[in-house]
Undergrad: 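Below are the structure tokens for one structure; questions will follow.
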Amino acid sequence: MSDQGYNPADIEPKWREYWKANSLHEARDDDPRPKYYCLDMFPYPSGSGLHVGHWRSYVLPDCWSRYKWLQGYKVLHPMGWDAFGSPAENDAIQKGIHPSIGTARNIENFKRQLHEIGAMYDWSREVNTTDPEYYKWTQWIFVQMFKKDLAYKAHMPINWCPSCKTGISNEDVVNGRCERCGAEVTRREMNQWMLRITRYAERLLRNLDALEWPEKVKAMQTNWIGRSEGAEVTFTALGSSGAPHPLKIFTTRPDTLFGATYMVMAPEHPLVRELTASDRSAEVSAYVERVQSESDVERAAKTEKTGVFTGAYAINPVNAEKIPIWISDYVLMAYGTGAIMAVPAHDERDYEFAKKFGLEIREVITSEAGIATEASVGEGTMIHSGEFTGRPSAEGRKAIVQWLEQKGLGRGTVNYKLRDWVFSRQRYWGEPIPIIHCEKCGPVAVDEKDLPVRLPDIERYQPTGTGESPLAAIHDWVNVACPKCKGPAKRETDTMPQWAGSSWYFLRYASPHAKDALLTEQGKKWLPVDMYVGGVEHAILHLLYARFFTMFLYDIGVVGFEEPFKRLFNQGMITYVGKSGKAEKMSKSKGNVVNPDDLVRNFGCDSLRMYELFVGPPELDAEWNEHGIEGVHRFLKRAWHWVSMHNGQWTATPSRQMLVQRHLLLKNVTERLESFRMNTIVSSFMEFLNEASSMNQAPDKETVEVFLVAIAPFAPHFAEELWQQSGHSKSIFQQKWPVWDEAYTTFDTVTVAVQINGKLRGTVVVNADAGEDLVFETASKDPAVARHLDGVQIRKKVYVKGRILNLVVG
RNA sequence: GCGAGAGUGGCGGAAUUGGCAGACGCGCUGGACUUAGGAUCCAGUGGGGUAACCCAUGAGGGUUCGAGUCCCUCCUUUCGCACCA
């Protein structure tokens, strides 16, 4: 056969059509092979399309899927769209085009670009969160949660983004700013739908242990959930009239109770008004007002503690001591009980506060450093603590809790930083919350048979800013009959956050077209996800919500597992030098995007795929190098040449040398795949080709075939073309991943390094099973070694078989 | 401040359980073939030294026959969390 040049533009589109036409990408329920579910985090279909940074996140799972496929699994590798969200809505506001139209257009563009990656998605299972047939089930899940009292409406201060004009969850606030638009978040009292994710806190935490996830992500979730063990203790506060009020506090250090010298309530604490003495009330309300008007950014920027005395006192239950009650914004209403006992001797924050306001600091735990300059927060022995004096603090902690429980003054308890999830958005482009408010019956869930509650078409998408979504203005949509009493009622007009649809989409891929169930019995067999690949930016929010949804669906019997993602892999980002002059995350706004279309045109999809892997370790960020792809492209050209040059003229008797290279390649590629060292796999192929082509001999057919099958997951068009050119009529993806023979990857002779006093002086080639004596004998004949042995005494010989001989001389 | 990573040639990065540091690629240098080379091929490429050798994995200690790898101290850097009692 002639040696035609490697021209990717000629072959790549052809094979993509071929795979499509032969439905090679489709995951069939009735396929008898074992299943493997490899999932990419589905994208928001933005208008700007994909750049080479995005490519990286799709290439890796595609290679992995193709590898799993060749290993004999039926692979589910689907793709879909997380298509609700503000960019489409903002477009709608600006251009007056319905978000669904813009979204559909973006999806088409994304699909085209993903197609050019050569990724083997099963498009027959595509899901779209904005499709009523999909969000019917998002709403269905909400209804189930509502029935289980996991969804509730609460009037409470929440984060309000003045730019997006909507409430947002704690999770959406980054450094006091809106995660989406960067505007400073303010607080606003609003009636909100909330999801009781806190009820799952303990399970969400406990299950982390067994997951094959990056430790970093587990640590982030652990911190976010923020479990801490301690005690709730009831102090008795005395109001201005002298009337007693129980005042509960949470502490992780009940062993320091005797060191409490004052108390602090959050400014929002409901007892503040009650307790404040009349001569203090002006100052107190001024402080409360000031704190409430501050944004989170201002609050965080504060370097010094502030606070005011209420004029009231409380009785410490352990020693009946009367201590002053202060208010300060360093105590948060949302955590614990919104009030603390302050133990300045053993808490840094209390220490700082006490120093500033001249409050007593009483040491009750011994420590080496003492408390003269800073709080001592470690363990020690309890002192000045009544009957508990002399106990080690850890033990005293338990004893005091027991004592409190006996007296009915407190109890051991656990607190979490995790808060309930603010699930309402006052925006148009989201799933309508399927609730109807009836004056008589209160909030009533929409009947399941009436789902989905479709998003009505409207004229004005503009957020109102009043705290109501634009839906509230559509009267004939809002006004409905109560499903229970048929009386006049109004629909809920808030919509769900974008996280809603993405919290369960991975389940829907398993039975995307099922009409009567979220998930069919057939579909269940694909689950859970075996490998989930995506960016670490979703380490907390998306992954926590998805775990919560799945756990809930497990509890109501929809799925048979609590954890949706057995294994998680976080892909690093692509960085590139942008406007700022330093390497930053590639993004349109930073003006440092590299367009893959040009690269595909010049080098082909396969070269780009392989370079995306070669650019660096997949879990780390990698800086884009514009010339890097040339090396990979050169390699593919040389490989193409090597295969086609010998096509049909294979040798029947490959040299041992060739066999060694074949088996070594396969071993390296397989092992490196298993450990996800994708960048070094590309090196393996290059090394193989360097060796094989420098042998100046025709390869045997099997070696070439092994090479092609092994490279197929990475350069699929390249491999498929050469495969079929060399006389095969079936797709290379119907091959089986080959196995290597250790007999060829272990060697008869080995090169042993010879060191003298730890310094390399030479190498000797010996039989692999040679003993120390033989190696030493051979080594001492080597002139470079012998020179250093002249006139010295060998004190010690260290021989590591097949690796190294170290001679200690003196 | 707390937590988790990361520091290796001009650059991206390789290095089984501690065992020949710098694989592979980019870039660069020289050469070949060419009207031409931003194509292709060959050779070279951590620093110093004519050489023998010496020095080199952020810095400094330690363990070891032997350390990029293990331990301690410090520096730089990235990311996450950040008044959570």
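Note: hydrogens, waters and symmetry copies are ignored here, and every other heavy atom, side chains too, is used. As the structure is a prediction and not an experimental result, all values here were calculated from the model. Here is the naming used below: chain letters follow the sequence lines, and residue numbers restart at 1 for every chain.
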Undergrad: Using OP1 and OP2 only, check whether a side-chain N or O of A/Lys796 sits under 4.0 Å from B/C65.
TA: yes
Undergrad: Any side-chain heavy atom of A/Phe688 sitting closer than 4.5 Å to one from A/Asn668?
TA: no
Undergrad: When the P atoms of B/G1 and B/C74 are considered, how many whole Å apart are they?
TA: 12 Å
Undergrad: Assess whether side-chain contact (heavy atoms from CB on, under 4.5 Å) is satisfied between A/Ile340 and A/Asp350, documenting all intermediate values.
TA: CA-CA 10 Å; A/Ile340 61 158; A/Asp350 298 345; 3.6 Å; yes
Undergrad: Kindly determine whether A/Ser228 and A/Asn415 satisfy side chain to side chain donor-acceptor pair (under 3.5 Å), including the steps that lead there.
TA: CA-CA 5 Å; A/Ser228 54; A/Asn415 250 304; over 6 Å; no
Undergrad: If you measure from the P atom in B/A51 to the same atom in B/U73, how many Å do you get, rounded?
TA: 43 Å
Undergrad: Between the side chains of A/Glu671 and A/Arg677, is the shortest nitrogen-to-carboxylate-oxygen separation below 4.0 Å, so that they form an ion pair?
TA: no
Undergrad: A/Phe685 CZ to B/A23 P: how many Å, rounded?
TA: 20 Å
Undergrad: Mapping A/Arg638 and A/Arg787 to their closest nucleotides on RNA chain B, which lands nearer the 5' end?
TA: A/Arg638
Undergrad: Got a sec? Which of residues 622-631 of chain A come in under 4.0 Å of RNA chain B, heavy atoms?
TA: A/Asn625, A/His627, A/Glu630, A/Gly631
Undergrad: Within a radius of less than 6.0 Å around NZ of A/Lys356, do more than 12 heavy atoms belonging to other residues, nucleotides or ligands occur?
TA: yes
Undergrad: Mind calculating the distance between CD1 (A/Ile756) and C1' (B/C54) to the nearest angstrom?
TA: 16 Å
Undergrad: Once you apply a heavy-atom cut-off of 4.0 Å, does A/His788 come out as touching a base, just sugar-phosphate, or nothing?
TA: sugar-phosphate
Undergrad: Is the distance from the ring center of A/Phe603 to that of A/Tyr611 below 6.0 Å?
TA: no
Undergrad: Answer whether the closest heavy-atom distance between the side chains of A/Ile327 and A/Thr310 falls below 4.5 Å.
TA: yes
Undergrad: With sugar-phosphate meaning primed atoms plus P, OP1 and OP2, does A/Asn690 contact a base, only sugar-phosphate, or nothing at under 4.0 Å between heavy atoms?
TA: sugar-phosphate
Undergrad: What's the closest nucleotide to the A/Thr252 side chain, out of B/C53, B/A23, B/A85?
TA: B/A85
Undergrad: Between B/C28 and B/G10, how far apart are the C1' atoms? Round to whole Å, please.
TA: 8 Å
Undergrad: Taking only distance into account, with no hydrogens and no angle test, what donor-acceptor pairs under 3.5 Å do side-chain atoms of residues 796-810 of chain A form with protein atoms, sequence neighbours excluded?
TA:
residue  : atom : partner  : partner atom : Å
A/Tyr799 : OH   : A/Gly802 : N            : 3.1
A/Asn806 : OD1  : A/Gly758 : N            : 3.1

Undergrad: Decide whether A/Tyr287 and A/Thr306 meet the rule of one side-chain donor and one side-chain acceptor closer than 3.5 Å.
TA: yes
Undergrad: Classify A/Lys305 by what it touches in the nucleic acid, base, sugar-phosphate, or nothing, heavy-atom distance under 4.0 Å.
TA: base
Undergrad: Between A/Asn223 (CG) and B/C83 (P), how many Å, whole number?
TA: 13 Å
Undergrad: Please tell me if A/Lys637 has a side-chain N or O lying less than 4.0 Å from either OP1 or OP2 of B/U40.
TA: yes
Undergrad: With sequence neighbours excluded, tell me which residues meet side-chain hydrogen bond (donor to acceptor under 3.5 Å, both in side chains) with A/Ser684.
TA: A/Arg672
Undergrad: Ignoring backbone atoms, establish whether A/Lys759 has a side-chain N or O less than 4.0 Å from OP1 or OP2 of B/C55.
TA: yes
Undergrad: Are more than 12 heavy atoms, taken from residues, nucleotides or ligands other than A/Phe357, located less than 6.0 Å from that residue's CZ atom?
TA: yes
Undergrad: With rounding to the closest Å, how many angstrom separate the P atoms on B/G7 and B/C54?
TA: 28 Å
Undergrad: When you compare the side chain of A/Tyr744 with that of A/Leu664, does any pair of heavy atoms fall below 4.5 Å?
TA: no
Undergrad: Taking the same atom, P, in B/C75 and in B/G60, what whole-Å distance lies between them?
TA: 15 Å
Undergrad: Under 4.0 Å between a side-chain N or O of A/Arg761 and OP1 or OP2 of B/G66?
TA: no
Undergrad: Each nucleotide in nucleotides 14-21 of chain B should get exactly one letter: B, S or -. Can you fill that in based on protein heavy atoms under 4.0 Å?
TA: SSBB-BB-
Undergrad: Grab the CD1-P distance between A/Ile681 and B/G13 for me, whole Å please.
TA: 17 Å
Undergrad: Whole Å only: how far is the NE2 atom of A/His633 from the P atom of B/G38?
TA: 17 Å
Undergrad: Rounded to whole angstrom, note down the P distance from B/C20 over to B/U69.
TA: 14 Å
Undergrad: May I have the distance from A/Ile327 (atom CD1) to B/C83 (atom P), rounded to whole angstrom?
TA: 19 Å
Undergrad: Can you check the A/Leu599 CG to B/C26 P distance for me, whole Å?
TA: 16 Å
Undergrad: Under 4.0 Å, counting only non-hydrogen atoms across every strand here, what does A/Arg634 touch: a base, just sugar-phosphate, or nothing?
TA: sugar-phosphate
Undergrad: Can you tell me which nucleotide in B/U40, B/C65, B/A85 comes closest to the side chain of A/Val808?
TA: B/C65
Undergrad: If you only use heavy atoms from C-beta on, which nucleotide in B/C54, B/A85, B/G25 is closest to the side chain of A/Ser228?
TA: B/A85
Undergrad: Determine, using ring centers only, whether A/Trp642 and A/Phe635 are less than 6.0 Å apart.
TA: no
Undergrad: Determine the interatomic distance between C1' on B/G27 and the same-named atom on B/A82; round to the nearest Å.
TA: 43 Å
Undergrad: Heavy atoms only, 4.0 Å cut-off, all strands: where does A/Val754 land among base, sugar-phosphate and nothing?
TA: nothing
Undergrad: Pick the nucleotide of RNA chain B nearest each of A/Asp350 and A/Ala219; which residue has the one closer to the 5' end?
TA: A/Ala219
Undergrad: So what's the dot-bracket for RNA chain B: Watson-Crick or G-U pairs under 3.5 Å, [ ] if a pair crosses, | if it pairs off-strand?
TA: (((((((..(((......[....)))((((((.......))))))(((....)))..(((((..]....))))))))))))....
Undergrad: In this structure, how many angstroms lie between the C1' atom of B/G13 and the CD atom of A/Glu619, rounded?
TA: 12 Å
Undergrad: Check the chi torsion on B/G18 and let me know: syn if it falls within 90° of 0, anti if not.
TA: anti
Undergrad: Can you tell me, in whole Å, how much space there is between the C1' of B/U8 and that of B/A14?
TA: 10 Å
Undergrad: Which residue pairs pass the salt bridge (Lys or Arg N to Asp or Glu O under 4.0 Å) test with at least one member in residues 680-694 of chain A, sequence neighbours excluded?
TA: none
